[in-house]
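Notes follow the structure.
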Amino acid sequence: MKRKQFIKTTSAAVVGSMLTPMVSCKTEKKPTPKTKGSMQRTNWAGNYTYKAKHIHEPKSVTEIQDLVKNLDVQKALGSTHCFNDIADSPKNQISTKHLNKVIEINKENKTVRVEAGARYGDFAEMLHEKGFALHNLASLPHISVAGACATATHGSGVNNKNLAGQVVSIELVKPDGSLVELSREHPDFGAVVVGLGAFGIITTLTLMLQDAFDVQQNVFLDLPLESLKSNFEKIMQSGYSVSLFTDWMDNKVSEVWIKRTFTPDMTDLGTNFFGAVPATKNIHPIVALDAVNCTEQMGVPGPWYDRLPHFKMGFTPSAGEELQSEYFIPREHAVDAILAIEKMKDEIYPHILISEIRAIAADGFWMSPCYQQDCITIHTTWQQKPQEVMALLPKVEEALAPFNAKPHWGKLFSLDAKTLQARYPKYKDFIALAKKYDPQGKFKNSYLTEHIYA
Ligand SMILES: Cc1cc2nc3c(=O)[nH]c(=O)nc-3n(C[C@H](O)[C@H](O)[C@H](O)COP(=O)(O)OP(=O)(O)OC[C@H]3O[C@@H](n4cnc5c(N)ncnc54)[C@H](O)[C@@H]3O)c2cc1C
């Protein structure tokens, strides 16, 4: 089934919500996707129903090894936060939900070893209490470490690589059930960490740590588009992590979120930030919504894990009835790419919740959209209108084509394998290596067949 079709068929039941309930910032928990024994299981957003008939929930590495060895077709499933079929399998999904522990903190090497299904929010506070930090986090801490790294999930910061950049080594169960360790020195490391689930099942990851630090978060409102055009680099470099939120209307960026490493003698950002004005209270990325679940702003210093994500650890940031797309663009084309999307504002506005522009530093992962390339990303959270969004994405992709934009692997897109292949120098090497690891195609699924192996 083609991408556009599956989005149509799997989300008929969830179309049509109104904007406010969709992104409400109340503390109610979104129901956990149904698992064992249920007729239907969905991803976190509810827009995709997994087709795999069997969900396995092993509690140990040995159990995973047995499953991998004995099952003919299967796929690892993390915290289900992808918006497409990347984590699905024609038959079996192997959930890592019970493999969620911290195994060891090595104070001397400044590393932490975690099980693959651990979510960043499960151990970030503990790291801080022990004097350590991760270099960055995504917008929310509810995602599994292995699942996030597999799709090159990122936060923001001109000097911050995506989250896979923290990985020092991994343990992987190969299709024959054997366990191998791959560290940074291993020639396959650059392919397997951002591996789209194609190589086997990662059981543990060792992540590099740095000393714990505090972060001060300030939000500025109504940055004029003209000012963004002339000052883009300065704006993105004004903090450790900077995000621009916009609905593309009114020739402005509605919010600039600046997260700076806190030092007692740091200078104030002033009252005129390139034409934007300081917010006078905590603000939600969508101005009209209550900021109760958002991380503390107004320059109040706090630990890295409670400022780098936009949403607090203990809360679910939205009800989940949304769709997301995101495109990575080489940083030198940032302003032109932003203006190309701004031209589409009248088409985009009826379906958008909010867009976010971030910066990510280059890395060496073969299938990372930032492979050897500093990037910005243009992310959009859409209303859960699958047909409208999937009709619009080819137009967005066309507008961004002159900049060789690459989609986020875990979000919605419509680019075909041939186009993607031309934008990734190591695509063919990735395919060859994935086939070498998995000659029988145990970890193949329709996503890989359609977008990678085609
Ligand atoms: C509300 C929301 C906010 C988000 N914010 C951001 C953001 O700020 N930045 C960003 O870049 N992305 C963001 N995302 C996207 C999200 O980070 C990615 O989709 C990520 O891959 C989700 O991780 P997961 O564990 O849920 O993966 P899953 O959807 O469960 O799986 C994703 C892929 O990883 C593979 N995988 C999972 N576990 C393993 C394993 N143990 N071994 C091998 N392969 C494995 C799966 O097979 C699959 O191919 C957001 C998504 C949502 C829903």
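Read the numbers this way: they start at 1 and go in the same order the structure lists the ligands and their atoms. Throughout, numbering of the chain's residues begins at 1 and tracks the sequence. The model shown is predicted, which means the values in this text are computed figures rather than measured ones.
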Look at the aromatic rings of [X] and [Y] and report parallel, tilted or perpendicular, splitting at 30° and 60°.
X	Y	value
His333	Phe403	tilted
His81	His142	parallel
His408	Phe328	tilted
Tyr447	Phe413	perpendicular

Are the aromatic ring centres of Phe443 and Tyr437 under 6.0 angstrom apart? no
For ligand 1, which atoms sit closer than 4.0 Å to a heavy atom of [X]?
X	result
Ile86	48 (C), 49 (O)
Ala138	7 (C), 8 (O), 9 (N)
Ala116	41 (N)
Ala150	34 (O), 35 (C)
Arg358	7 (C), 8 (O), 9 (N)
Lys75	47 (O)
Glu322	1 (C)
Ile143	17 (O), 22 (C)

Between Asp438 and Lys444, does at least one N-O distance fall below 4.0 Å, as a salt bridge requires? no
Ionic contact status for Glu296 with Lys312, cut-off 4.0 Å: no
Side-chain heavy-atom pair [X], [Y] within 4.5 angstrom cut-off:
X	Y	result
Phe220	Val253	no
Leu308	Tyr120	no
Leu127	Tyr305	no

Nearest neighbour of [atom] from the list [options], on a heavy-atom basis:
atom	options	value
atom 50 (C) of ligand 1	Gln324, His379, His408, Arg119	Gln324
atom 46 (C) of ligand 1	Gly197, Pro369, Ala76	Ala76
atom 19 (O) of ligand 1	Ala45, Cys82, Ala87	Cys82
atom 21 (O) of ligand 1	Leu99, Asp85, Thr151, Ile94	Thr151

Is there a heavy atom of Gly200 sitting under 4.0 angstrom from any atom of ligand 1? yes
Heavy atom of Lys411, distance to ligand 1 below 4.0 Å: yes
Counting both backbone and side chain atoms, is some N or O of [X] under 3.5 Å from an N or O of ligand 1?
X	value
Ile201	no
Phe83	no
Gly147	yes
Leu77	no
Thr96	no
Gly78	yes

Under 4.0 Å from ligand 1, counting heavy atoms only, is it the side chain of [X], its backbone, both or neither?
X	answer
Trp44	side chain
His81	both
Thr153	both
Leu172	neither
Ile202	both
Ser139	both
Ser79	both

As a quick check of understanding, evaluate side-chain contact (heavy atoms from CB on, under 4.5 Å) for Glu255 and Gln297, giving each step before the final call. CA-CA 12 Å; Glu255 300 177 25; Gln297 303 157 25; over 6 Å; no
Under the side chain to side chain donor-acceptor pair (under 3.5 Å) test against Asn92, which residue among His54, Gln74, His56 passes? His56
Just how far is it from atom NZ of Lys161 to atom NE2 of His154, taken to the nearest 0.5 Å? 16.0 Å
For a quick test of reading the model, state the closest non-hydrogen atom pair linking Thr380 to Ser355 and the distance between them. OG1-OG, 2.8 Å
Quick one: do Asp85 and Asn445 satisfy side chain to side chain donor-acceptor pair (under 3.5 Å)? Show the steps, please. CA-CA 8 Å; Asp85 53 346; Asn445 61 4; over 6 Å; no
